[in-house]
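One structure is given below, encoded as structure tokens.
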Amino acid sequence: MQAAQRNPDPSKVVDVDLYGEVKRWPYPYYEVWATTLPFYIMSEGYPQAICTRYQDTRSVLQDLTRFSSVKQPYPGTQGFYFFNAMPTVTDSDPPDHTRRRRFMAPAFTPRRLLTLEAQIAEMVDRVLDSVTASGGEIDYVKDIAKPIALHTLLTLVCGISEDAWPVMTDLVSAQRRAFSTLAGKGQKDEEYQQAFERAKEYCAKIIEERRAKPIEDDLVSNLVMDVGAEGKITGEELFATLFILYVAGIGGLTTFPSWLLWRLTRHPDQLALLQAQPDLIQGAMTESLRMEPSSFASIRYAKDDFTFEGLEIFKGMPVHTLSASGNFDPDLYPDPLRFDITRNTQWQNLTSFGHGVHHCIGNTLARLMTRICVEKTLARFPGVRAVDPNVVPQIEGVLKNRAISALPLLID
Amino acid sequence: MVKVVFVDHDGTTHEAEGTPGTTIMGLAVSAGIAGIAGDCGGFCNCATCHVYVTGDWALKVPALEEQEDAMLDGTVSERLENSRLACQLVLTPNLDGIVVALPERQTV
């Protein structure tokens with residue numbers, strides 16, 4: 001490490017618990033940071049760069065010459081290895097990234113998703129039917145959003161039978177418990193390692209099954225056919241691809257409708273407006289995406305020494321880009337703390353799904369499922385409201401994610 | 001400036017002009033052409049900027065590369081021989097006046 005790196009300009013160091021206090025209730029920080037130049041936070045005595053302005057986050061995420069997604073050894077980064085250093089699509093740069101992503105792409109194209117729309121609608125009805133029977137108070141995350149996310153991703157997209165879901169849901173839970181910076185641990189533990197090994201065994205079994213008996217239009221079957229071929233996917237990459245698909249997919253698909261319902265029930269005027277004008281659903285989804293993306297941050301690593309927007313960056317330094325802070329820039333979104341489903345926002349301009357080559361591959365699926373889920377929720381339970389509209393939600397998720405863990409609602 | 005003519009599925013035409021180096025997708029989004037979605041922001045990742053390059057213009061655009069070829073298999077509307085993703089079509093002076101037809105639908 002260079003001396004300058006060990007002693008960064010103190011005027012550019014912010015003493016803040018980014019992945020704890022900020023993540024729990026980020027809005028006052030977002031309001032300030034939307035117009036704040038890049039700064040450092042210190043971890044284990046070394047600086048890491050934080051980018052929060054709209055243009056800064058986009059610049060970092062699209063600049064592949066100066067910023068890499070490949071993890072680098074650096075003090076204070078043990079909590080970043082929540083995918084166990086596997087060769088994932090997220091932790092790679094082109095051309096590896098391009099090759100790995102290409103294998104996932106067919107499952108998420110608009111053409112493929114169009115064929116799933118009716119099946120998702122039918123499944124959402126079934127889940128809502130089961131909720132109606134119990135009546136009264138529900139936990140929207142556990143009772144509605146999560147089962148719908150699991151059915152959508154594991155059954156409809158990945159063809160995994162329901163009896164095998166616990167392998168993946170246990171892994172997600174163990175990963176969140178181990179790597180949640182909110183709980184103060186933020187690194188691998190024995191429970192996570194065991195869940196990881198079980199998931200690895202399960203993936204190996206599925207791969208063998210699909211190799212022996214491929215299923216038409218099935219994601220895993222298509223991937224298996226490419227293993228080992230020249231320029232194709234390796235066995236380790238296949239496992240990493242399935243792993244990230246399951247884990248990241250379950251999280252993101254559960255979180256999007258949950259955050260939207262939290263926002264709507266926190267702001268009953270906006271909920272009433274949406275119920276009076278159901279075609280505002282896209283605006284409501286975009287506004288929730290602006291304020292409450294599933295992604296909290298994306299991390300890159302500097303490929304060299306350079307200055308970025310006035311901040312000295314050193315080779316190997318982690319550079320954190322916050323996913324939502326730029327969405328609170330008052331010049332782009334006037335009165336940014338106000339939840340307003342009538343804003344004329346183009347969701348593509350938000351950094352909520354990331355930006356650049358790593359833009360979330362599941363974004364279309366997430367928007368499709370969330371629209372159906374929330375439309376049908378409001379139609380089925382027109383009196384839906386928060387048990388406590390002012391509740392401060394419990395947050396969970398690994399470093400990069402920000403998920404609401406429970407949402408008590410009244411539906412009678 | 002390079003002129004692009006967009007022809008909607010219903011036959012309505014829109015013209016827009018962009019600087020060389022801009023992509024046809026980028027031009028369409030900034031000009032508010034509704035028939036182009038461009039969900040991923042122009043990184044050949046989403047297949048929602050599908051266009052049909054009309055007539056001899058198809059001979060003047062750069063050749064299809066592997067990733068675009070793969071993504072074109074996932075467009076909502078039918079893939080034809082002249083199908084391209086507009087994010088991969090960079091405006092150059094020799095494309096001035098290019099006419100692209102828009103499919104009926106880009107996304108779900």
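Sequence lines set the chain letters: A, B, ... in the order given, protein chains first and strands last, and positions in each chain run from 1. We use all heavy atoms of the structure for the numbers below, so side chains are in, but hydrogens, waters and symmetry mates are not. Not measured: the values here are computed from a predicted model.
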### Query
Which is it for B:Thr75 and A:Thr109 under the side chain to side chain contact (heavy atoms under 4.5 Å, CB included) test, yes or no, and what are the steps along the way?
CA-CA 7 Å; B:Thr75 55; A:Thr109 61; over 6 Å; no
### Message
To the nearest 0.5 Å, what is the distance between CG on A:Asn363 and SG on B:Cys46?
### Response
7.5 Å
### Task
Determine whether more than 12 heavy atoms belonging to other residues, nucleotides or ligands lie under 6.0 Å from atom NZ of B:Lys3.
no
### Task
Quick one: pull up CD in B:Glu66 and CZ in A:Arg102 and give me the separation to the nearest 0.5 Å.
4.0 Å
#### Entry: Donor-acceptor under 3.5 Å (B:Asn45 side chain, A:Val357 main chain)
yes
### Task
For B:Met71 and A:Ala105, work out which heavy atoms get closest and say how close.
SD-CB, 3.9 Å
#### Entry: Under 4.5 Å from a heavy atom of chain A, the part of B:Cys40 involved
both
### Message
Ignoring hydrogens, what is the shortest heavy-atom contact between B:Ala47 and A:Pro110? Give both atom names and the distance.
### Response
O-CG, 3.9 Å
## Note on the structure
Taken to the nearest 0.5 Å, the spacing of B:Cys44 SG from A:His359 NE2 works out to 14.0 Å
### Task
Before giving the answer on side chain to side chain contact (heavy atoms under 4.5 Å, CB included), spell out for A:Leu114 and B:Arg105 the whole-Å C-alpha distance, their side-chain angles and the decisive distance to 0.1 Å.
CA-CA 11 Å; A:Leu114 196 60; B:Arg105 192 171 177 183; 3.5 Å; yes
### Message
For B:Glu104, is the CD atom crowded, meaning more than 12 foreign heavy atoms sit under 6.0 Å from it?
### Response
no
### Message
How long is the straight-line distance from CZ of B:Phe43 back to CD of A:Gln62, given to the nearest 0.5 Å?
### Response
5.0 Å
### Query
Does B:Asp56 CG have over 12 foreign heavy atoms under 6.0 Å away?
no
### Message
Any side-chain to backbone donor/acceptor pair from A:Arg111 onto B:Asp73? Under 3.5 Å, distance only.
### Response
yes
### Heavy-atom proximity to chain B below 4.5 Å, by part of A:Leu368
side chain
### Query
Got a salt bridge between A:Arg367 and B:Asp39, using NZ or NE/NH1/NH2 to carboxylate O under 4.0 Å?
yes
